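What follows is a single structure, written as structure tokens, with notes after it.
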Amino acid sequence: MTFDSPENTGTTTPQSEIDAAATAGPEGTLPPQAEPEPAGEEVIGVRRGMFGISGTGDTSGYGRLVRPVTLPGSTPAPYGGYFDEVVDALRTALAPASFEDAIEKVVVFRGELTLHVRREHLPRVAQVLRDDAALRFELCLGVNGVHYPHDTGRELHAVYHLMSVTHSRRLRVEASAPDADPHIPSLYSVYPTTDWHERETYDFFGIVFDGHPSLTRIAMPDDWRGHPQRKDYPLGGIPVEYKGARIPPPDERRAYS
């Protein structure tokens with residue numbers, strides 16, 4: 001079997017087609033339409049190396065890697081697909097003045113619509129998203145915590161994944177809080193399914209969900225210090241004994257001279 005290359009056929013494949021094919025999804029197909037470009041990226045930090053190791057401790061070969069840590073900026077309308085309908089319906093339900101007060105930015109990135117909501121408006125926005133007939137996001141699929149240590153003033157993020165069973169649509173709602181005041185209103189009263197999800201996010205990230213009926217640890221012991229999935233949490237661990245052999249914590253398993 002032989003393959004025709006541009007050299008064999010006398011033709012040249014445009015670079016744009018090569019890049020598009022290389023970045024296509026796992027099925028090898030391109031999206032039917034290109035999503036709108038964000039207005040810009042927010043640079044919130046610089047990552048050096050691969051695993052946060054400094055000095056001579058990085059044996060991965062990526063010790064000199066330097067890359068910025070960025071977040072997608074606000075996306076201008078039109079957003080494409082049903083995204084415009086969702087944003088317009090929410091704007092109407094909240095009234096224009098309330099929409100601008102409640103929504104920090106609208107982001108379309110990698111085929112997902114994300115509403116960045118100011119934390120004090122989160123319960124009101126969630127209730128409108130659930131109850132308005134044009135929206136009807138009845139189901140909250142979960143809550144994720146994210147920690148950006150260098151995103152000054154909004155180091156902690158809570159991300160809610162919503163689904164409309166009525167309209168077969170999905171939406172991400174994101175709220176942030178500073179590390180010095182890690183409080184975000186609980187959505188338990190709007191979506192009772194967030195009960196354990198918010199407890200888990202509190203346990204691992206330290207976000208305090210105000211109004212939660214029982215905000216206690218769900219995985220770590222009650223007297224555990226710190227929140228293990230934060231970026232500033234120490235790498236160390238607890239020694240484990242296995243069949244008479246002692247396995248030290250990760251940060252003690254290898255010594256570098």
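All figures in this text were calculated on a predicted structure; none of them were measured in a lab. No hydrogens, no waters, no symmetry mates; every other heavy atom, side chains included, goes into these values.
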Query raised in the report: Which is it for Ile218 and Trp196 under the side chain to side chain contact (heavy atoms under 4.5 Å, CB included) test, yes or no, and what are the steps along the way?
Result: CA-CA 8 Å; Ile218 194 172; Trp196 285 20; 3.8 Å; yes
Query raised in the report: Can you name the one residue among Ile103, Thr114, Leu122, Val143 that meets side chain to side chain contact (heavy atoms under 4.5 Å, CB included) with Val173?
Result: Leu122
**Report entry** Option from Glu155, Arg230, Gln229, His157 for which side chain to side chain contact (heavy atoms under 4.5 Å, CB included) with Val146 holds
**Finding:** His157
Would you give the length of the straight line joining atom [atom1] of [X] to atom [atom2] of [Y], rounded to the nearest 0.5 angstrom?
X	Y	atom1	atom2	value
Leu215	Tyr188	CG	OH	12.5 Å
Leu171	Tyr160	CG	OH	13.5 Å
Ile184	Glu120	CD1	CD	11.0 Å
Leu162	Leu113	CG	CG	10.5 Å
Tyr79	Asp84	OH	CG	7.0 Å
Phe137	Met163	CZ	CE	10.0 Å

Do [X] and [Y] belong to the same hydrophobic cluster, where Ile, Leu, Val, Met, Phe, Trp and Tyr are linked whenever their side-chain heavy atoms lie under 4.5 Å apart, directly or via other members?
X	Y	answer
Met220	Tyr202	yes
Leu71	Val69	yes
Leu141	Val86	no

Query raised in the report: Do His167 and Glu85 come within less than 4.5 Å of each other through their side chains, counting heavy atoms only?
Result: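 They are not in side-chain contact.
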Query raised in the report: Are Tyr82 and Arg170 close enough that some pair of their side-chain heavy atoms sits under 4.5 Å apart?
Result: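 When only atoms from C-beta onward are counted, Arg170 and Tyr82 do touch, with a gap below 4.5 Å.
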Query raised in the report: Which residues satisfy the side-chain contact (heavy atoms from CB on, under 4.5 Å) test with Asp132, sequence neighbours excluded?
Result: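 With sequence neighbours excluded, Asp132 shows a side-chain contact (heavy atoms from CB on, under 4.5 Å) to Ala93, Val128, Ala134, Leu135, given in chain and number order.
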Query raised in the report: Considering residues at least two apart in sequence or located in another chain, which fulfil the side-chain contact (heavy atoms from CB on, under 4.5 Å) criterion with Thr216?
Result: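 Expected list: Arg199, Ser214.
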Check: [Y] main-chain N/O paired with [X] side-chain donor or acceptor under 3.5 Å:
X	Y	value
Glu198	Leu187	yes
Thr166	Arg136	no
Arg130	Tyr191	no
Ser186	Phe209	no
Thr193	Cys140	yes
Arg172	Glu112	no

Query raised in the report: Is Asp203 salt-bridged to Arg217, going by a charged N under 4.0 Å from an acidic O?
Result: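 A salt bridge links Asp203 with Arg217.
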Report task. Run the salt-bridge test on Asp101 and Arg124 with the 4.0 Å N-O cut-off and return the result as yes or no. Result ->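 Salt bridge between Asp101 and Arg124, a charged N being under 4.0 Å from a carboxylate O: no.
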How close do [X] and [Y] get, counting heavy atoms only, and between which atoms?
X	Y	result
Ala102	Val125	CB-CG2, 3.8 Å
Gly145	Phe205	O-CZ, 3.0 Å
Leu156	Pro182	CD1-CB, 3.6 Å
Val107	Ser74	CG2-CA, 4.3 Å

Report task. Let me see the working for His183 and Arg119 under side chain to side chain contact (heavy atoms under 4.5 Å, CB included), right down to the final yes or no. Result -> CA-CA 8 Å; His183 291 264; Arg119 57 177 173 169; 4.3 Å; yes
Query raised in the report: Has Arg67 got more than 12 heavy atoms of other residues, nucleotides or ligands less than 6.0 Å from its CZ?
Result: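 Count not over threshold, so no.
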Report task. Check step by step if side chain to side chain contact (heavy atoms under 4.5 Å, CB included) holds for Asn144 and His161. Result -> CA-CA 8 Å; Asn144 293 333; His161 300 262; 3.1 Å; yes
Requested in this report: Start with the C-alpha gap between Thr75 and Val106, add the side-chain angles, then the distance that decides, and say whether side chain to side chain contact (heavy atoms under 4.5 Å, CB included) holds.
Outcome: CA-CA 6 Å; Thr75 304; Val106 179; 5.7 Å; no
